[in-house]
There are 2 protein chains.
Amino acid sequence: MDKYKNKDYTIDNEQLARFAKAMGHPARITILHYLASLDSCYFGDIHNELPIAKATVSQHLKELKDAGLIQGEIETPKVKYCINRENWEKAQAYFETFFALRKEKTSCCN
Amino acid sequence: MDKYKNKDYTIDNEQLARFAKAMGHPARITILHYLASLDSCYFGDIHNELPIAKATVSQHLKELKDAGLIQGEIETPKVKYCINRENWEKAQAYFETFFALRKEKTSCCN
DNA sequence: TTTGTAGTTCGCAAAACTACGAACAATAAA
DNA sequence: TTTATTGTTCGTAGTTTTGCGAACTACAAA
């Protein structure tokens with residue numbers, strides 16, 4: 001039955017949710033904050049900023065990489081992580097557009 | 001032992017992560033998008049926009065309410081939901097500040 | 001060859017998330 | 001009083017997330 005016909009989420013909503021989800025953990029926000037503001041960005045430096053085990057840090061980094069927000073590059077014996085500028089700006093634009101929606105509007109409740 | 005001493009997440013990072021997490025599902029983005037752009041905002045209208053059961057919609061609404069992004073008010077026999085303007089603007093400011101961090105910066109990788 | 005450094009991956013456990021149908025509550029209408 | 005409408009809550013199931021230590025990989029140095 002066509003209970004849910006024609007009600008798929010839009011690509012944009014899916015993409016924004018994906019970015020938001022990646023940002024939905026304080027460790028990952030801390031990582032992004034760190035990478036966005038500093039030039040030093042080796043795994044060890046990141047691990048040092050966080051109250052969690054390196055295995056867990058590695059997992060969070062993987063999620064951020066999967067979401068496209070960061071990228072990693074091997075510099076034996078270290079790994080250098082950085083903001084993925086292109087997708088960072090894409091995410092920024094998504095959030096900006098999203099919040100702008102509400103601008104200059106009198107909501108039904110407040 | 002003081003393995004993780006002095007490395008707690010900051011309040012701001014926790015709060016931003018909380019907002020982001022609440023936005024980390026396409027259904028919840030769709031709900032917020034809908035509430036932010038329209039004046040009609042009864043539960044039934046929202047449910048109608050989504051490809052999921054009403055029980056699930058109710059749960060998503062609860063999460064958005066818990067994160068402070070929306071508010072509900074009973075208008076028997078319906079329930080009217082709306083953006084919580086104060087926290088919406090707070091969230092917007094958080095994201096804006098966060099992304100601005102990266103502005104005019106040459107990252108270590110790109 | 002053994003040792004050390006820097007990270008990743010594996011295997012596991014606990015908790016949280018997502019989703020549903022059924023049952024329920026509260027009011028209004030017949 | 002019975003029935004209908006509008007949502008919420010409950011109970012359950014399956015999946016995903018978060019976290020850890022241990023094991024592993026890759027390379028360099030001793």
Side-chain angles (χ1 to χ4, degrees), chain A residues 1 3-4 7-9 13-14 17-32 34-35 40-67 69-82 108-109, chain B residues 1 3-4 7-9 13-14 17-32 34-35 40-67 69-82 108-109:
Chain A
M1 42 231 73
K3 194 168 163 195
Y4 297 141
K7 288 196 220 157
D8 286 345
Y9 303 119
N13 282 350
E14 299 250 23
R18 204 147 35 232
F19 282 139
K21 187 174 183 184
M23 292 172 62
H25 189 288
R28 294 195 292 268
I29 288 290
T30 304
I31 291 168
L32 290 173
Y34 184 67
L35 293 184
S40 166
C41 45
Y42 292 107
F43 175 91
D45 302 323
I46 297 167
H47 178 210
N48 235 285
E49 293 288 307
L50 300 171
I52 50 180
K54 62 181 179 169
T56 310
V57 172
S58 209
Q59 270 186 139
H60 282 305
L61 287 167
K62 179 165 162 32
E63 279 180 63
L64 289 171
K65 209 162 36 176
D66 289 348
L69 291 171
I70 67 172
Q71 55 193 262
E73 145 186 10
I74 296 171
E75 278 189 15
T76 302
K78 301 190 179 186
V79 179
K80 189 149 97 172
Y81 282 100
C82 323
C108 55
C109 296
Chain B
M1 36 226 76
K3 194 170 165 192
Y4 296 141
K7 288 197 222 157
D8 287 345
Y9 302 121
N13 282 350
E14 299 250 24
R18 203 145 37 229
F19 282 138
K21 188 174 184 183
M23 293 171 62
H25 189 288
R28 294 196 292 269
I29 288 290
T30 304
I31 291 169
L32 290 173
Y34 184 66
L35 292 184
S40 165
C41 43
Y42 292 106
F43 175 91
D45 302 323
I46 297 168
H47 179 211
N48 236 286
E49 294 288 307
L50 300 170
I52 51 181
K54 63 181 178 169
T56 310
V57 173
S58 209
Q59 269 186 139
H60 282 305
L61 288 168
K62 181 167 161 30
E63 278 181 64
L64 289 172
K65 210 163 35 175
D66 288 348
L69 290 172
I70 67 171
Q71 56 194 261
E73 143 186 12
I74 296 171
E75 277 189 15
T76 301
K78 301 189 178 186
V79 178
K80 188 149 98 173
Y81 281 100
C82 322
C108 53
C109 297

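Just so it is clear, the model here is predicted, and its values are computed rather than measured. Here is the naming used below: chain letters follow the sequence lines, and residue numbers restart at 1 for every chain.
- Residue B/I46 forms a side chain to side chain contact (heavy atoms under 4.5 Å, CB included) with just one option from B/T30, B/L61, B/V79, B/I70, and that option is B/L61.
- Judged purely by atom type and a 3.5 angstrom limit, B/H47 uses its side chain to pair as donor or acceptor with the backbone of B/I52.
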Check: Given the rule in the salt bridge (charged side-chain N to carboxylate O under 4.0 Å, His left out) test, do A/E75 and A/K80 qualify, once you have shown the distances and angles that lead to the verdict?
Finding: CA-CA 7 Å; A/E75 278 189 15; A/K80 189 149 97 172; 3.2 Å; yes
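- Between A/Q59 atom CD and D/dT16 atom C1' the separation is 11 Å, expressed in whole Å.
- Of the candidate nucleotides D/dT17, D/dG19, C/dA19, D/dG19 has the atom nearest to the side chain of A/H25.
- In the set C/dA16, C/dC20, D/dG7, C/dC20 carries the atom at the smallest distance from any side-chain atom of B/A55.
- Listed pair A/S58 / C/dT8 meets the phosphate criterion, a side-chain N or O lying under 4.0 Å from OP1 or OP2.
- A straight line from NZ of B/K21 to P of C/dA15 spans 14 Å, rounded to a whole angstrom.
- Rounded to whole Å, the distance from CG on B/N48 to P on D/dT5 is 15 Å.
- Classified by interplanar angle (parallel below 30°, tilted 30° to 60°, perpendicular above 60°), the ring pair A/F43/A/Y81 is tilted.
- In this structure, B/K62 places its NZ atom 16 Å from C1' of C/dA19, rounding to the nearest Å.
- The phosphate of D/dT6 (OP1 or OP2) has no side-chain N or O of B/Y81 nearer than 4.0 angstrom.
- Between A/E63 and B/V79, the residue anchored closer to the 5' end of DNA chain D is B/V79, taking for each the nucleotide with the nearest heavy atom.
- Comparing C/dC20, D/dT8, D/dG19 by their nearest atom to the side chain of B/T56 picks out C/dC20.
- OP1 and OP2 of C/dT5 both lie 4.0 Å or more from every side-chain N or O belonging to A/Y42.
- Regarding A/M23, its CE atom lies at a distance of 18 Å from the C1' atom of D/dT17, rounded to whole Å.
- Closest to the side chain of A/K78, from the set C/dG7, D/dG7, D/dA22, is C/dG7.
- You'll find that the side chain of B/K54 is closest to C/dA23, out of C/dA23, C/dG21, C/dT8.
- Checking the phosphate oxygens (OP1, OP2) of D/dT6, no side-chain nitrogen or oxygen of B/H47 falls inside 4.0 Å.
- Ring geometry for B/Y9 versus A/H25: interplanar angle over 60°, hence perpendicular rather than tilted (30 to 60°).
- Residues A/E49 and A/D45 are not in side-chain contact: their nearest non-hydrogen atoms beyond the backbone lie 4.5 Å or more apart.
- Checking D/dT18, D/dT6, D/dT8 against every side-chain atom of A/R28, the shortest atom distance belongs to D/dT18.
- Between the NZ atom of A/K80 and the C1' atom of C/dA6 there is a distance of 16 Å, rounded to whole Å.
- In this entry the distance linking CD1 of A/I74 with C1' of C/dT8 reads 10 Å, nearest Å.
- Of the listed nucleotides (C/dG7, D/dC20, C/dA19), D/dC20 has the atom at the smallest distance from the side chain of A/I52.
- OP1 and OP2 of D/dT17 both lie 4.0 Å or more from every side-chain N or O belonging to A/H60.
- For the pair B/D66 CG and D/dT9 P, the computed distance is 11 Å after rounding to whole Å.
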